[in-house]
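A short write-up of the structure that comes next.
First the proteins, then the strands, lettered A, B, ... as listed; each starts at 1.
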2 protein chains.
Amino acid sequence: MRLVSTDAGPARPPTIRTVAARAGVSKSLVSLVLQNSPRVSEQRRAAVLAAMAELGYRPDPAARSLAERRTRTVGVVLDDLTNPWYVDLLAGLRPVLHDHGLRPLLADGATEPDAVAALADLRVDGIVVVGTPADSSIEQVVGLGDAVPVVVAGTRESRLTVADVVANDDDAGARLATAHLLEHGHRRIAHIVGEGEVGRLRRDGHIATMRAAGVTEHCVDGDWTEATGHRLARELLDRDDRPTAILAANDLCAVGVLAAADELGLAVPGEVSVVGYDDTVFARLPRLSLTSVDSHIAEVGQAAGEALAARLAGDDPGAPTTRLITPALVVRGSTGPAR
Amino acid sequence: MRLVSTDAGPARPPTIRTVAARAGVSKSLVSLVLQNSPRVSEQRRAAVLAAMAELGYRPDPAARSLAERRTRTVGVVLDDLTNPWYVDLLAGLRPVLHDHGLRPLLADGATEPDAVAALADLRVDGIVVVGTPADSSIEQVVGLGDAVPVVVAGTRESRLTVADVVANDDDAGARLATAHLLEHGHRRIAHIVGEGEVGRLRRDGHIATMRAAGVTEHCVDGDWTEATGHRLARELLDRDDRPTAILAANDLCAVGVLAAADELGLAVPGEVSVVGYDDTVFARLPRLSLTSVDSHIAEVGQAAGEALAARLAGDDPGAPTTRLITPALVVRGSTGPAR
DNA sequence: ATCCAGTATTGGAACGGTCCAGGCGATCCG
DNA sequence: CGGATCGCCTGGACCGTTCCAATACTGGAT
C-alpha cells in the first residue's frame, strides 16, 4: 500500500510548456503566439490558441516581468483618498494606464514617507506623484535619477525639474473666481491661501486680478482643511469691516467657511459670498451649492497617464515638459451680488 | 576609435550574486540571510548585510514571486472610490495587509466585470471583495474554488458560501436608528430600502422594531444613490399624510432626502427628521449634520484583512466564518421630536 | 587517530517566461 | 543545378530568486 498519493498536490496551473506539449510545438513558438508575432503560420497559431483555451492557460506575470525586466506597473503616490480630488484624478489616470497595458500600484505618500523608494524597490516602470509631494518624496525622486520616469500630476513643483508635470492652471482659475466676485460688485474680498506651490499660484492670480481692477487684496495664510477654513473665516467675518466675499483655498476649506458664516448668522450669498476650488462632490451638494473652479482634474490625471506612457514608450527622451489644463468657473448658489 | 562604449548600457541593479561576490560567500548564503535564517553564523551574516548596504541591494519582487510561487499581493475589488464608504473601509484594511507583508492591488468591480478573474490571472494570493458583488464577480469567485482564499467585506452575501464574511450588523443598525425615531415620538416613519442583501437586512431590522412598538411600517424600494433618495422623498413628502421621519438607505440617499425637504420648504428636523446610514463624511458636514448609523466600516476592513491573513497563514483551514461588527448611532441635528 | 553528530555553507535545479542564434525546408535567381 | 534568401520553427541561455541535497567544517567522544 502506498501512503503517498499519486497526484502531486494541488494541480499547478498550466505553463507555456504544457501548452507547447499539447499543441505539439516548441515552447518558443507558444511564446511567439503570446506576443502575437507575425512570424507564426496561421495553422500553428490556431493550434496553440486552441491548446491555450483547452487548458485555460494564463501567462504568469511574475515570470514575464523577470524575463522582460519590466513589470508593466506604475506607482501612484497619493496623499489622501478621503479627499475626492485625489479620487477624481485617479479616475482620469486609471483608464489611460489600462489602455497602455499598465497597472497602477497605489502608495500613500502621507502615511508612508518612503513611498517613492518603496515603489522603486517594487521595480515599477514609472511613477506618478499626485499632489504636492512631501520633501522626502522629492529627495527620493531626485535620487532615482533617470532610472524611473516620473510624472508629477496636479501641481507645479519648482523643486522637481527631473519630472514631467501636468497640472491645472491655478493662476487662471484664481483669476476666473476673482473676476466673478468683482463683477458682482464685491470689493472687500478675502482670500484664504493654501499651502505650497499651488497655494502661491492661486494667490498670485487672485492678487493680480484684484490690482488690475484697482482693488486692494486681503490674503490670509491657511491650508487645505475644513478646520482651518472654519477658524480663519470666523476671524474674518467677526469684524466690523468684514469681507463681503471669501475665496477659499479649495472646496474643503470653503466648507469650513460656510460653517463659520452659518454660526455667525450671516446669510450666504446674501451677506457673504463664498467660492471654492476644485469643484468636488462637496460643491455639488444641494445644501452647499458652492460656486467653485472646476480644475478638470480627471483630465489632469488622463494627461499625466499619457505623458508617462509616452516616456515608457521611449519615443520621447526629451527634456521634462509641463502641461497646463485650463480650468472653468462653475457658478452656483454661494455667490451673489454684493449688498 | 570604438563606437561601442565599454560599459554595458545602464548599470543593472545588484543581484544576490553581486552581493555574494562582494561578501565572499555563495549566493545561497545571501538568500539565507535575506530570509534571516538562524542557521547563519553571525560573522557571515554581518559580512552579507554590509555588502548589501554598500551595494544598495534590493531584492527583486518578481524573481522572488516566481521562486516562492506567491506574490504577497491581495486583490481588492471595489465598486466606487467616489463613495467614502469604500475609502473608509480601505483605510482600515490597508494597514493590516501592510503589517502582514501584503500589498493591496485595487480593481474596480463596477467598470470591470472580470475584476476577480483578472486578479486571479495576476496570481494574487488572496482576494477581498468589498461591498455587494456583481453577479459576474460571484460566478468568478465560485469558479476559483479553493485556489485563492476570498473574503467578502461590508456585506453578507448569501449566494457566496465559499468565502469568509466580515460585515456591519445591518439589522442591529436599523434597529438603533428606528428606536431613536420612535423614542422621539415619531409614528409615521418611512424607510427607503437599499438594494441587495444589505438593503434587506436593514429593512427587516426596521420592520421588526416598528412592529414591536406596535407601529405600522412604510417601506419603499430604492437604492443607494442621492438621485433616488431625492425622487422618492419628493413623492413621500408631497402627500398630506407625509411621514414625520425618513430612514434613508444610507447617507448618500439621505442627502437626496434633505434636498427634497428643502425644496418643499419643510424644516429639518422641525417638520421631518432624517436618518442616514454609514456615518460618512457627508453626515459630518455642518450644513447637513445628519444623524446616522456608524457602521464602523474601518473596523470591518481591518477584520477582513485579518481574516484573509489568517487564511493565508494556513493555520485556519476551517469552514468559512462570518463576523459581524456592531454599529452605533450618531445623533446629530437632522433628527428631533415629532411635532 | 577515528568516528560521529551537528552546524555552516555550497552548487545546482527549479520557477515560467523572453530572446537570440541558428536550423531546415522551400523558393528564387543566376 | 548550386547557392543565396526567406519564412517558420526550435533549443538553449538567461532573468533573480528559493529550496534541497550534498559537502565541508567543528569539536567531542571513543
Side-chain angles (χ1 to χ4, degrees), chain A residues 8-49 51-52 55-73 101 120-125, chain B residues 8-49 51-52 55-73 101 120-125:
Chain A
R12 287 195 190 170
T15 76
I16 207 179
R17 293 166 221 265
T18 327
V19 173
R22 175 110 176 190
V25 300
S26 73
K27 63 171 181 37
S28 301
L29 191 71
V30 177
S31 176
L32 289 174
V33 170
L34 228 38
Q35 32 203 321
N36 52 69
S37 154
R39 304 145 40 95
V40 176
S41 68
E42 276 318 309
Q43 187 190 352
R44 303 279 198 170
R45 179 188 308 277
V48 169
L49 289 176
M52 286 179 176
L55 294 169
Y57 167 80
R58 322 261 46 197
D60 183 321
R64 179 173 284 182
S65 294
L66 184 59
E68 276 187 320
R69 308 163 91 248
R70 63 172 171 154
T71 55
R72 297 170 188 267
T73 286
D121 288 351
L122 290 172
R123 306 289 201 269
V124 294
D125 295 341
Chain B
R12 286 194 192 171
T15 75
I16 210 179
R17 292 167 221 267
T18 328
V19 173
R22 176 112 177 188
V25 300
S26 74
K27 61 167 185 37
S28 300
L29 191 71
V30 176
S31 176
L32 288 175
V33 170
L34 228 39
Q35 31 202 324
N36 50 69
S37 155
R39 306 145 40 94
V40 177
S41 69
E42 276 317 310
Q43 187 190 353
R44 303 277 198 174
R45 180 190 308 277
V48 170
L49 290 175
M52 284 179 177
L55 294 168
Y57 167 80
R58 321 259 48 195
D60 183 319
R64 179 172 281 181
S65 293
L66 184 58
E68 277 188 320
R69 314 170 82 250
R70 62 171 171 156
T71 55
R72 297 170 188 265
T73 287
D121 288 351
L122 291 172
R123 306 289 201 266
V124 294
D125 295 339

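Here the closest non-hydrogen pair linking A:V40 and A:V33 is CG1-CG2, 4.1 Å. The minimum heavy-atom distance between A:A23 and A:A51, with the atom names listed, is CB-CB, 3.9 Å. Across all non-hydrogen atoms, the minimal contact from B:Y57 to B:T15 is CE1-C, 3.6 Å. Taking all atoms of both residues into account, the shortest heavy-atom contact from B:P61 to A:L122 is CG-CA, 3.7 Å. The shortest heavy-atom contact between B:L55 and B:V19 is CD1-CA, 3.8 Å.
At the heavy-atom level, A:P61 lies nowhere under 4.0 Å from the strands shown. Within the 4.0 angstrom heavy-atom criterion, base atoms lie near B:S31. Counting any heavy atom pair closer than 4.0 Å across all strands shown, B:R64 reaches sugar-phosphate atoms only and no base atom. Heavy atoms of B:R58 sit under 4.0 angstrom from primed sugar atoms or phosphate atoms, though from no base atom. Across all strands, B:V25 comes closer than 4.0 Å only to sugar-phosphate atoms, never to a base (heavy-atom distances). Across all strands shown, B:S28 has heavy atoms under 4.0 Å from base atoms, whether or not it also approaches the sugar-phosphate.
Looking at heavy atoms from C-beta onward, B:L34 lies in side-chain contact with B:R64 at the 4.5 angstrom threshold. Considering only heavy atoms from C-beta on, A:R123 comes within 4.5 Å of B:D60 through its side chain.
In this structure, the CZ atom of B:R44 is 18 Å from the P atom of C:dT7, given to the nearest Å. Atom CD of B:E42 and atom P of C:dT7 are 16 Å apart (whole Å). Atom CD1 in A:I16 sits about 14 Å away from atom P in C:dC15, given to the nearest Å. Between the C1' atom of C:dA21 and the CZ atom of A:R39 lies a distance of 12 Å, rounded to the nearest Å. Per the geometry, CZ belonging to A:R70 stands 10 Å off P belonging to C:dT18, to the nearest Å. Between A:L32 atom CG and C:dT18 atom P there is a gap of 9 Å when expressed in whole angstrom units. Going from atom CG of A:D60 over to atom P of C:dA14 covers 18 Å, rounded to whole Å.
Mapping A:S26 and A:R17 onto DNA chain D by nearest heavy atom places A:S26 at the nucleotide closer to the 5' end. Taking the nucleotide of DNA chain C with the nearest heavy atom to each of B:L29 and B:E68, the more 5' of the two is matched to B:L29. Comparing B:A63 and B:V40 by the nucleotide of DNA chain C that holds the closest heavy atom to each, the one mapping nearer the 5' end is B:V40.
In summary, contact between chain A and DNA chain D, defined as any nucleotide atom under 4.0 Å from a heavy atom of the protein, begins and ends at D:dC8 to D:dG16 in the 5' to 3' direction.
Axis orientation changes by 70° from one end of the helix from C:dA1-D:dT30 to C:dG30-D:dC1 to the other, with each end axis drawn from 5 pairs and the value rounded to 10°.
Judged by distance alone, with hydrogens and angles left aside, the side-chain atoms of B:R72 form no donor-acceptor pair with the main-chain N or O of B:S65 at under 3.5 Å.
Atom CZ of A:R58 has 12 or fewer neighbouring heavy atoms from other residues, nucleotides or ligands inside a 6.0 Å radius.
The line from NZ of B:K27 to CG of B:L32 is 10.0 Å long, rounded to the nearest 0.5 Å.
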